[in-house]
Asks: 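A single structure is presented below for examination.
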Amino acid sequence: MTTVFDYQRAFSRNIGWVSADEQARLRRARVAIAGLGGVGGGHLLTLTRLGIGRFHLADFDQFDVHNFNRQAGAFMSTVGENKLDVMASMALEVNPEAEVDRFPAGVTADNLEAFLDGVDVYVDALDFFAMDARRMVFKACADRGIPALTAAPLGMGVAFLYFRPGGMSFEEYFGVEGQARNEQFARFIAGLSPAMLQRTYLAVPEAVNFGEQRGPSTAMACELCAGVMGTAVLKVLLGRGGLRAAPWGMHFDAYRQKLRFTWRPLGNRNPLQKLLLAFIRPRLHMK
């Protein structure tokens, strides 16, 4: 038997939590996602199942065996395959009518304008260490008035930040401009996680090595990121309810069963953040 796709039926179980009119608005929305690995793949599938109808997707990497512990598109059958193609195909299996524009070189200075053209929301899922690309995209979003959101998988939890158009910018919050590369990474982790809820249960500290650009991860954290991000994108697109923007941050840790909201005026220039950075720097392997 051949099943004919029907958008209203496919996403009918969303109705109740959203109205039929709101679902139609989600269908017309365009979301850009940079990075389709651990968090990005989960973001894409969650937003697709929410009924988002148009995507700009960027990634240049391929799946490998070390992705199996957390990445939605990582299977034996996809090893060596482009993450962009695999994840786009998975999204189109959910919604064959979705418009998916692909950026196989990742986000670059050459394609940045096209990547953000007509976009309603930017979802950051770049690799932690892709600082240059991340700064470029967040600045472009601020310049264009595009809401930009990031959800970081930390330990077995999620740290969330929302950069509202006209509000505090990525650079104002993190303060990485002009800093050495390893200091940029330290400032990024401090800004993502002022509450540092994950630090008490890191079993193998040497697994975090910024010099080698590697760190541990869990599928639980990536799934939590997708849920938090999907909800935040819904609220931004539909204008429903409050969403605390930077310098506010939110960190939920499932392992410790704790939720923290943080407020850091001046971002990493805040005295509390300066103390946190002094704590972080000697504990990171940066050689």
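Just so you know, residue 1 is the first one in the sequence shown, and it goes up from there.
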Asks: Less than 4.0 angstrom from a charged side-chain N to a carboxylate O is my criterion; do R281 and E183 meet it?
Replies: yes
Asks: Which of these, R199, Q198, R260, sits in a side chain to side chain donor-acceptor pair (under 3.5 Å) with S193?
Replies: Q198
Asks: Please examine the side chains of M196 and L276, heavy atoms only from C-beta on, and report whether any two atoms are closer than 4.5 Å.
Replies: yes
Asks: If only atom types and distance count, is the side chain of D59 paired as donor or acceptor with the main-chain N or O of L36 below 3.5 Å?
Replies: yes
Asks: With clusters defined by side-chain heavy atoms of hydrophobic residues (ILVMFWY) lying less than 4.5 Å apart, directly or transitively, does F63 cluster with I33?
Replies: yes
Asks: Between W248 and V158, is there shared hydrophobic-cluster membership here, with clusters defined by ILVMFWY side-chain heavy atoms closer than 4.5 Å?
Replies: yes
Asks: Indicate the atoms forming the closest heavy-atom contact of V39 with A125, along with that distance.
Replies: CG2-CB, 3.7 Å
Asks: Indicate yes or no: at least one non-hydrogen side-chain atom of N270 is less than 4.5 angstrom from one of Y173.
Replies: no
Asks: Whether the side chain of N14 engages the backbone of L50 through a donor-acceptor N/O pair (distance < 3.5 Å, no angle test) should be reported.
Replies: yes
Asks: Kindly say whether D64 contributes a backbone atom to a donor-acceptor pair with the side chain of N67 at under 3.5 angstrom?
Replies: yes
Asks: Looking at OG of S19 and CZ of R240, how far apart are the two atoms once the value is rounded to the nearest 0.5 Å?
Replies: 7.5 Å
Asks: Would you indicate whether the side-chain heavy atoms of F261 and L259 approach each other to under 4.5 Å?
Replies: yes
Asks: I'd like to know if the side chain of D6 and the backbone of R9 have a donor-acceptor N/O pair within less than 3.5 Å.
Replies: yes
Asks: Taking atom types as modelled and ignoring hydrogens, do the side chains of Q23 and Y7 form a donor-acceptor contact shorter than 3.5 angstrom?
Replies: yes
Asks: Would you give the length of the straight line joining atom CE of M220 to atom CG of D253, rounded to the nearest 0.5 angstrom?
Replies: 10.0 Å
Asks: One pair to check against side chain to side chain contact (heavy atoms under 4.5 Å, CB included): M87 and L57. What are the steps and the verdict?
Replies: CA-CA 9 Å; M87 294 312 306; L57 306 177; 5.8 Å; no
Asks: Say whether, by atom type as modelled, one donor and one acceptor occur between the side chain of T218 and the main chain of G155 under 3.5 angstrom.
Replies: yes
Asks: Which atom pair, heavy atoms only, marks the closest approach of A72 to G41?
Replies: CB-C, 4.2 Å
Asks: Looking at R181 and D132, does any basic side-chain N land under 4.0 Å from a carboxylate oxygen?
Replies: yes
Asks: Hey, quick one: are F188 and L202 part of the same hydrophobic cluster, counting side-chain heavy atoms closer than 4.5 Å, chains of contacts allowed?
Replies: yes
Asks: In sequence, state the C-alpha distance, the side-chain angles, and the governing distance for V176 and F185, and then conclude on side chain to side chain contact (heavy atoms under 4.5 Å, CB included).
Replies: CA-CA 8 Å; V176 297; F185 296 148; over 6 Å; no
Asks: Taking side chain as C-beta onward, heavy atoms only, is D124 less than 4.5 Å from L149?
Replies: no
Asks: What is the ring orientation for F170 with F163, classed by angle as parallel under 30°, tilted 30 to 60°, or perpendicular over 60°?
Replies: tilted
Asks: Salt bridge check: are K139 and E171 linked by an N-O gap of less than 4.0 Å?
Replies: no
Asks: Looking at R102 and D85, is any side-chain nitrogen of the basic one under 4.0 Å from a carboxylate oxygen of the acidic one?
Replies: yes
Asks: For a 4.5 angstrom cut-off between non-hydrogen side-chain atoms, does R135 reach E177?
Replies: yes
Asks: Taking the basic N atoms (NZ, or NE/NH1/NH2) and the acidic carboxylate oxygens, is any pair closer than 4.0 Å for D61 and K83?
Replies: yes
Asks: If you apply the rule side chain to side chain contact (heavy atoms under 4.5 Å, CB included), what do you find for R27 with E97, and how did you get there?
Replies: CA-CA 10 Å; R27 187 179 189 178; E97 296 177 353; 2.9 Å; yes
Asks: For P153 and C222, work out which heavy atoms get closest and say how close.
Replies: CB-N, 4.1 Å
Asks: Of all heavy-atom pairs between T46 and A226, which one has the smallest distance, and what is that distance?
Replies: OG1-CB, 3.5 Å
Asks: Are side-chain heavy atoms of V236 and L243 found at a separation under 4.5 Å?
Replies: yes
Asks: Is the side chain of K235 donor-acceptor paired with the backbone N or O of G242 at a distance under 3.5 Å, no angle test?
Replies: yes
Asks: Quick check against the 3.5 Å criterion: does R256 have a side-chain atom that pairs as donor or acceptor with the backbone of L197?
Replies: yes
Asks: To the nearest 0.5 Å, what is the distance between CZ on R54 and CZ on R30?
Replies: 4.0 Å
Asks: Ring-plane angle category for F103 and F115, please: parallel below 30°, perpendicular beyond 60°, tilted otherwise.
Replies: perpendicular
Asks: Tell me, do P104 and N82 make a side-chain contact under 4.5 Å, heavy atoms counted?
Replies: no
Asks: Mind running ring-ring contact (aromatic ring centres under 6.0 Å, His included) on Y122 and F138 for me, showing each step along the way?
Replies: CA-CA 9 Å; Y122 169 63; F138 272 94; 5.7 Å; yes
Asks: Quick check: does any side chain N or O of R269 sit under 3.5 Å from a backbone N or O of K274, one acting as donor and the other as acceptor?
Replies: no
Asks: Determine whether L234 and W17 satisfy the following criterion, side chain to side chain contact (heavy atoms under 4.5 Å, CB included), listing intermediate values before the conclusion.
Replies: CA-CA 11 Å; L234 178 149; W17 298 114; over 6 Å; no
Asks: Sub-3.5 Å donor-acceptor pair from the side chain of T78 to the main-chain atoms of G73, do we have one?
Replies: yes
Asks: Under 6.0 Å from the CZ atom of R49, do we count more than 12 heavy atoms belonging to anything else shown?
Replies: no
Asks: Atom NE2 in H56, atom CG in D101: separation rounded to 0.5 Å?
Replies: 4.0 Å
Asks: Looking at N95, L92, L44, which hits side chain to side chain contact (heavy atoms under 4.5 Å, CB included) with V100?
Replies: L92
Asks: Less than 4.5 Å apart, side chain to side chain, heavy atoms only: is that true for V18 and L238?
Replies: yes
Asks: To the nearest 0.5 Å, what is the distance between CG (L192) and CD1 (I189)?
Replies: 5.5 Å
Asks: With clusters defined by side-chain heavy atoms of hydrophobic residues (ILVMFWY) lying less than 4.5 Å apart, directly or transitively, does L45 cluster with F55?
Replies: yes
Asks: Consider only side-chain heavy atoms of I, L, V, M, F, W and Y, link residues closer than 4.5 Å, and tell whether F129 and M131 are in one cluster.
Replies: yes
Asks: Is the backbone N or O of L126 less than 3.5 Å from a side-chain atom of R134, with the two atoms forming a donor-acceptor pair by type?
Replies: yes
Asks: Nearest 0.5 angstrom please: E22 CD to L237 CG, how far?
Replies: 10.5 Å
